[in-house]
Amino acid sequence: MSIASSNRVISSDLVEGTAVYNNDGDQLGTIEGLMIDKVSGKVRYAVMEFGGFLGMGTERYPIPWTMLRYDVDRDGYVVPLDKARLEGAPRYAAADVPNYDDTYRDDVDRYYTAPARRALL
């Protein structure tokens, strides 16, 4: 058993680059990184790269981590989204990483109909 990846846990560096598919099996993009809540330690968002050509013009889409489901057969994550839904989703260019403040997080969560961020106790 590898320390970096076991049956129930995986190292974040192995998540990066993993393919993301929709329910129809279309590859939407790949995981570029994870956004982790500093206080709770929980992963809040998987940042997915989508679009562009050969790395140029790609955009990053923060998707609530709770929306992703790992599919062993695809060796990737599956989200209940189609490309049309992603086209209107919150996104940013690699050089324009937003400040994940309360307003931005609430906008992302609201778009995906995830529960609005609640104050941490």
Side-chain angles (χ1 to χ4, degrees):
M1 175 171 77
S2 168
I3 293 173
S5 178
S6 70
N7 290 334
R8 300 296 295 178
V9 299
I10 188 167
S11 172
S12 63
D13 64 330
L14 294 177
V15 173
E16 293 170 6
T18 301
V20 178
Y21 301 92
N22 64 16
N23 288 333
D24 294 330
D26 302 320
Q27 184 173 344
L28 300 175
T30 58
I31 302 291
E32 189 270 332
L34 302 175
M35 300 305 289
I36 302 168
D37 185 290
K38 287 194 244 181
V39 177
S40 72
K42 293 181 182 180
V43 175
R44 292 287 188 149
Y45 304 100
V47 180
M48 183 183 74
E49 284 187 332
F50 173 67
F53 180 71
L54 298 176
M56 308 256 318
T58 58
E59 295 184 295
R60 272 92 174 145
Y61 293 74
I63 299 173
W65 182 250
T66 56
M67 291 185 68
L68 283 86
R69 176 183 52 83
Y70 189 75
D71 184 314
V72 197
D73 295 330
R74 289 189 180 124
D75 193 26
Y77 292 94
V78 176
V79 292
L81 301 169
D82 58 23
K83 290 181 183 181
R85 179 85 169 127
L86 273 178
E87 304 257 338
R91 63 183 175 271
Y92 56 89
D96 299 323
V97 178
N99 179 5
Y100 277 78
D101 60 10
D102 291 346
T103 302
Y104 186 76
R105 289 190 308 260
D106 286 346
D107 288 346
V108 171
D109 291 345
R110 204 173 4 264
Y111 184 82
Y112 292 109
T113 65
R117 181 184 164 279
R118 291 178 177 54
L120 296 172
L121 300 177

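Note that these values count all heavy atoms, side chains included, but never hydrogens, waters or copies made by symmetry.
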Identify each donor-acceptor pair in which a side-chain atom of residues 92-100 lies under 3.5 Å from a protein atom, sequence neighbours left out, and give them as a table.
unit_1	atom_1	unit_2	atom_2	d
Tyr92	OH	Tyr100	OH	3.2

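- Counting all heavy atoms, side chain and backbone alike, Tyr21 lies closest to Gly76 at CE1-CA, 4.2 Å.
- For the residue pair Gln27 and Gly29, the shortest heavy atom distance occurs at NE2-O, 3.3 Å.
- When the side chain to side chain donor-acceptor pair (under 3.5 Å) test is applied to Asp75, the partners found at least two apart in sequence or on another chain are Tyr70.
- Under the 4.5 Å side-chain heavy-atom criterion for grouping Ile, Leu, Val, Met, Phe, Trp and Tyr, Tyr112 is connected to Leu34 within one hydrophobic cluster.
- Within the model, atoms CD1 of Ile63 and CG of Leu28 stand 7.5 Å from one another, a figure rounded to the nearest 0.5 Å.
- In this structure, CZ on Arg105 lies 12.5 Å from CZ on Arg110, to the nearest 0.5 angstrom.
- If you chain together hydrophobic residues whose side chains sit under 4.5 Å apart, Tyr61 and Val15 fall into the same group.
- Across all their heavy atoms, Val108 and Pro62 have their closest contact at CG1-O, 3.5 Å.
- A continuous path of hydrophobic side-chain contacts links Val20 to Met67 [ILVMFWY only; heavy atoms under 4.5 Å].
- Expressed to the nearest 0.5 Å, how far CD of Glu59 lies from CD of Glu32 amounts to 13.0 Å.
- Interatomic distance, CG of Leu86 versus CG of Leu81, reported as 5.0 Å (0.5 Å rounding).
- Atoms CD1 and OH, from Ile31 and Tyr45 in turn, are 14.0 Å apart once rounded to the nearest 0.5 Å.
- Residues Ala19 and Thr30 approach most closely at CA-CG2, 4.1 Å, considering heavy atoms.
- Annotation for Ile36 and Gly41: closest pair CG2-O, 3.6 Å, computed over non-hydrogen atoms.
- Listed by first and then second residue, the salt bridge (Lys or Arg N to Asp or Glu O under 4.0 Å) pairs that reach into residues 21-31 come to none, sequence neighbours excluded.
- The pair Asp37-Arg44 meets the salt-bridge criterion, with a side-chain N (NZ, NE, NH1 or NH2) lying under 4.0 Å from an Asp/Glu carboxylate O.
- For Glu16, there are no side chain to side chain contact (heavy atoms under 4.5 Å, CB included) partners, not counting sequence neighbours.
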If you apply the rule side chain to side chain donor-acceptor pair (under 3.5 Å), what do you find for Thr103 with Asp101, and how did you get there? CA-CA 6 Å; Thr103 302; Asp101 60 10; 4.6 Å; no
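- In this structure Asn23 satisfies the side chain to side chain donor-acceptor pair (under 3.5 Å) test with no other residue, sequence neighbours excluded.
- Counting only residues at least two apart or in different chains, side-chain hydrogen bond (donor to acceptor under 3.5 Å, both in side chains) contacts with residues 77-87 comprise Arg85-Tyr111.
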